[in-house]
Amino acid sequence: PLAGPGERAMVSFPDPALAQAMAGTLTRLGYVTDIVPGDDAARVLEQGLFTMAATARLAAAPGKESLYQRLTRSSPEARRKIFVILAGDEFKTGDGMQAWAVLADLVLASKDAGMADNAIRTVMAERGRLYQVYVEAKRRYEESFLVEK
């Protein structure tokens with residue numbers, strides 16, 4: 001398993017078949033996976049329970065906010081805590097430039113959502129290496145702050 005004990009993933013897609021396929025992949029990777037309807041996903045994200053979110057790149061109805069919209073307006077600190085996967089027919093699986101352009105960690109073609117285990121593992125390992133410097137600097141700062149008090 002890729003996920004640590006109790007790590008949770010949220011899956012929210014308008015297409016139930018895509019949601020089920022993505023949930024299956026994340027469950028195989030060790031995540032406790034919740035499929036959340038689109039109307040509730042942005043609100044549920046606020047609870048801070050999830051380390052991964054998989055959704056589509058879409059806008060919500062007027063007066064509402066989609067999970068994608070909520071993720072894109074998150075603070076940098078909050079965003080770093082969540083691994084974001086976007087899936088849709090407009091994406092090429094694993095395309096880093098597409099992922100960067102849409103503010104995601106990984107993009108998947110819809111047809112690949114049910115078998116994206118290796119793509120997720122690879123990108124999560126890269127992200128871990130990229131954020132290692134940040135994580136270590138934050139840890140050292142917090143330790144020095146505790147020592148001073």
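For clarity, every value in this text was computed on a predicted model and none was experimentally measured.
Scanning all heavy atoms of the two residues, the minimum distance from Ala99 to Val107 falls at CA-CG1, 3.7 Å. Across every non-hydrogen atom of Ala56 and Phe13, the tightest pair is N-CE2, 3.5 Å. The shortest heavy-atom contact between Leu58 and Pro14 is CD2-CG, 3.6 Å.
Sorted by first and then second residue, the salt bridge (Lys or Arg N to Asp or Glu O under 4.0 Å) pairs involving residues 104-119 (not counting sequence neighbours) are Arg28-Asp117, Arg79-Asp105, Asp105-Arg127. Here side-chain hydrogen bond (donor to acceptor under 3.5 Å, both in side chains) pairs that include residues 3-20, with residues two or more places apart or in two chains, are Glu7-Thr51, Arg8-Asp34. Screening residues 91-100 for salt bridge (Lys or Arg N to Asp or Glu O under 4.0 Å) gives no qualifying pairs among residues at least two apart or on separate chains.
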Side chain to side chain contact (heavy atoms under 4.5 Å, CB included) assessment of Met124 paired with Met52
CA-CA 11 Å; Met124 286 194 78; Met52 178 162 307; 3.7 Å; yes
Could you go through Thr27 and Thr25, starting from their C-alpha distance and side-chain angles, then the distance that decides it, and tell me whether this counts as side chain to side chain contact (heavy atoms under 4.5 Å, CB included)?
CA-CA 5 Å; Thr27 299; Thr25 297; over 6 Å; no
Stepwise, does the side chain to side chain contact (heavy atoms under 4.5 Å, CB included) test hold for Phe91 with Leu86?
CA-CA 8 Å; Phe91 298 123; Leu86 294 180; 3.8 Å; yes
One pair to check against side chain to side chain contact (heavy atoms under 4.5 Å, CB included): Leu67 and Val36. What are the steps and the verdict?
CA-CA 10 Å; Leu67 178 57; Val36 180; over 6 Å; no
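Hydrophobic clustering keeps Val11 apart from Leu45 (ILVMFWY residues linked when any side-chain heavy atoms are closer than 4.5 Å, directly or through intermediates). Ile35 and Phe83 fall within a single hydrophobic cluster, where Ile, Leu, Val, Met, Phe, Trp and Tyr are joined by side-chain heavy atoms under 4.5 Å apart, directly or via other members. Both Val123 and Leu29 belong to a common hydrophobic cluster when Ile, Leu, Val, Met, Phe, Trp and Tyr are linked at side-chain heavy-atom distances under 4.5 angstrom. Residues Leu108 and Met10 fall into different hydrophobic clusters, defined by Ile, Leu, Val, Met, Phe, Trp and Tyr side chains chained together at heavy-atom separations under 4.5 Å.
Checking Val44, Thr33, Val32 one by one against Phe50, the side-chain contact (heavy atoms from CB on, under 4.5 Å) holds for a single residue, Val44.
Annotation: the span from Arg140 atom CZ to Ser144 atom OG amounts to 9.5 Å, rounded to 0.5 Å. In this structure, Leu71 CG and Arg57 CZ are separated by 13.5 Å, a value rounded to the nearest 0.5 Å. Summarising the geometry, atom CE belonging to Met22 is positioned 8.0 Å from atom CG belonging to Leu18; distances are rounded to the nearest 0.5 Å. In this structure, Arg121 CZ and Leu106 CG are separated by 13.5 Å, a value rounded to the nearest 0.5 Å. Atom OG of residue Ser75 and atom CZ of residue Arg80 lie 8.0 Å apart, to the nearest 0.5 angstrom.
Here the side chains of Glu126 and Leu130 are not in contact, with every heavy-atom distance at 4.5 Å or above.
In this structure, Gln98 contributes its side chain and Ala104 its backbone to no donor-acceptor pair below 3.5 Å. Remark: side-chain polar atoms of Tyr68 are paired, donor with acceptor, to backbone N or O of Val102 under 3.5 angstrom. Of the possible polar contacts, one joining the Gln69 side chain to the Ser66 backbone as a donor-acceptor pair under 3.5 Å is found.
The existence of a salt bridge linking Lys138 and Glu143 is excluded, since no basic side-chain nitrogen approaches an acidic carboxylate oxygen closer than 4.0 Å. Salt-bridge annotation for Arg73 and Glu65: present, with a side-chain N of the basic residue lying under 4.0 Å from a carboxylate O of the acidic one. For the pair Glu46 and Arg43, the salt-bridge criterion is not met [side-chain N within less than 4.0 Å of a carboxylate O].
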